[in-house]
Amino acid sequence: MDKKRFYITTPIYYPSDKLHIGHTYCTVATDAMARYKRLTGYEVLFLTGTDEHGQKIEDKAKEAGVTPKEFVDGIVEGPKGVKDLWKLMNISNDRFIRTTDDYHVSAIQKIFKKMYEKGDIYKGKYVGKYCKPCESFWTESQLVDGKCPDCGRDVQDAEEEAYFFKLSKYADRIQHLLEDTDFLEPRSRVNEMVNNFIKPGLEDLCVSRTSFTWGVPVDFDPGHVVYVWVDALFNYTTALGLFNDKYHDYEKFWPADVHFVGKEIVRFHSIIWPAMLMSMEMPLPKKVFGHGWLLLDGGKMSKSKGNVVDPYILAEMFGVDALRFFLLRTFPFGSDGNFSNEALIQTINVDLANDLGNLLSRTVSMVGKYFGGTLPEDQSENGEMDREMVELISSLRARYEEQMEHYAFQNALAEIFKVIGRANKYIDENAPWVLAKDMEANGPRLARVMYNLLEVLRVSGILLTPFIPGSAGKVLDQIGACQECRTWDSAAVYGSLRRDVTVQRGENLFPRVDTEKALAQLEAAAEAARKSALPDLEIEPQLEAKVDFDTFCKSDFRAVKVKACENVKKSEKLLKFTLDDGTGTDRQILSGIAKWYKPEDLVGKTLMAIVNLPPRKMMGLESNGMLISAVHTEKGAEVLNLLMLDDKIPAGAKMC
């Protein structure tokens, strides 16, 4: 008989920079769900990956002086990159997709062409607003205070030839899907999608770009690349083998049981994604779950804002399982949560050290002290004192399962810790140290008390496995749980441990954290990380010759726009710039920066120049001014950075 199947995905993350704790939160939650389903007997496919195309990646790579592929390779495959982070966090994904993978690229081309041939994609011209960080198109009316409604950052005017997807064609079907089914959860997200996007009128979606090249080429129209969100969303199907021979699991696992995504991309997954699947006449995923954000000081963590928390630092200081546990114990999965180091330390000390760790340590120690590590089979029940404990153990799995099936990780853990808390109280009520004073009379009763405590730890250890897999296994090892009494089925049955179980004392799994000392260490680690992120500067001696202030003030700093740029013949260093300086007459400046910049990369850029220097001859050409730049050393190599200005600054604007 075939196993029941379960297909779960994270969003594919955008590798414009190192991932932070918010990405870790989503991936740990997905991992916990995948592990839970495997525990219950499902055949699971758990997919994660990276979304590697788009204008932002192209621009970031250009700034770094590398190709886009080299840029994303460093973040995905490099030291402490995406794959390293998931390995560190003990993520059990079965598959990892990169949208630069050849099989995915060719599949996207086939998908795009199929929707085009159906008539759902047509050619036109895009005129509107574009948010580069979100890779999102917006109309003027959708902006909030003139900014992107998703991230709150500035948008830019966009006008280019493009293909459009007939999103409006599917508006009624999407509204029915959202309002009349449980496709999107939490339910609060539904009203937001319907009221903000569908009822005002769902507009057709721009699905190709011509203003940059880093993307999946539209194979039937050179110059166009597929819009990054079309490219990204279909990863959930290409990773199963849709339109490719890399994998052969599409029929087996599609449709997905659930996509876990951050609330900021719910619009793409609950409106655009099902509409494109409808166009392709493919089954829809069973559910999209839009989780909340981790907030820092009341605001969303953002790589571009720099207010991110490094999961490497936290995992190395407190342990991977402690960090995993904190993320899912502290924050309701569908709501926003306020992250703080203080809350992390408190959760470790209260739940893991005081409650779970203390129960394990005391129980195993007492079995060793009173019975030499092995319980006797002769045990005596006390119905009045044991009944509640036995009932809690016996019913825990059912209560836990109900919460897990609704992705209520916090509530599932709360159920476990109610029983753990009750077990610690049970120790005080039965006072084993008093019973041990007369082992001849009380030995069987004491053995039963110990057995009940071990059963609490056994069932709790099984149910904690999806959350803290490494530590949960060690709990079960210390209490002597055999393989047969570590199963999902055994978690519903009180008394699965052998009566004469032998325990083995092990390491203290969750030592208590010194809050003040830990906070100081975190601050020091954060400061060291900030410093290491800065390039090593080679400081030259300051010039002894002084320039008086009046002389400096005579320098005329102006914004200039690059109209043309080319290499100077017979020179390996010089570039010749033709510049718009706002006077209406082109200005020519020569600059020795050919080592660092390609001429074609500078055309259209806005730079700063001193425009009132006396002309000078270089390689037989006249240079009228000087471009402002800085040279430093980075990773052992000399690097030059031109002072790039906002393109909105007009040519000729005085800068100093």
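Just so it is clear, the values below take in all heavy atoms, side chains as well, and ignore hydrogens, waters and symmetry mates.
- Classified by interplanar angle (parallel below 30°, tilted 30° to 60°, perpendicular above 60°), the ring pair F112/Y163 is perpendicular.
- Annotation: cation-pi pair K110/F243 absent, no NZ/CZ under 6.0 Å from the ring centroid and within 45° of its normal.
- Side-chain rings of F220 and Y116 approach one another, their centers coming within less than 6.0 Å.
- Across I108, I97, D245, a single residue satisfies side-chain contact (heavy atoms from CB on, under 4.5 Å) together with Y103, and that is I97.
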**OP:** Decide side-chain contact (heavy atoms from CB on, under 4.5 Å) for E52 and V76; before the verdict, give the C-alpha distance in whole Å, the side-chain angles of both, and the deciding distance to 0.1 Å.
**Re:** CA-CA 9 Å; E52 301 182 7; V76 177; 3.5 Å; yes
**OP:** Go through the steps to decide whether I121 and F164 satisfy the test side-chain contact (heavy atoms from CB on, under 4.5 Å), and finish with yes or no.
**Re:** CA-CA 5 Å; I121 286 180; F164 290 81; over 6 Å; no
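- Looking only at side-chain heavy atoms (C-beta outward), V216 and T99 stay at 4.5 Å or farther from each other.
- In this structure, the ring of F289 has its center no less than 6.0 angstrom from the ring center of H259.
- Pairs engaging residues 194-217 under the salt bridge (charged side-chain N to carboxylate O under 4.0 Å, His left out) rule: E160-R209 [sequence neighbours left out].
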**OP:** Could you give me the CA-CA distance, side-chain angles and deciding distance for S208 and Y126, then say whether side chain to side chain donor-acceptor pair (under 3.5 Å) is met?
**Re:** CA-CA 10 Å; S208 80; Y126 179 77; over 6 Å; no
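- Under the rule for a ring pair (Phe, Tyr, Trp, His ring centres under 6.0 Å), the partners of H291 that lie at least two apart in sequence or sit in another chain are Y25, F333.
- Separation of the W488 and Y36 ring centroids falls under the 6.0 Å cut-off.
- Under a cut-off of 6.0 angstrom, the local environment of NZ in K113 is sparse, with at most 12 non-hydrogen atoms contributed by other residues, nucleotides or ligands.
- The cationic group of R95 does not satisfy the cation-pi geometry with F46, failing either the under 6.0 Å distance to the six-membered ring centre or the 45° limit from the ring axis.
- A cation-pi arrangement is not found for R5 relative to Y42, the charged atom failing to lie both closer than 6.0 Å to the ring centre and inside a 45° cone about the ring normal.
- Applying the salt bridge (charged side-chain N to carboxylate O under 4.0 Å, His left out) test to pairs two or more places apart or on separate chains, those with a residue in residues 276-286 are K118-E281, D257-K286.
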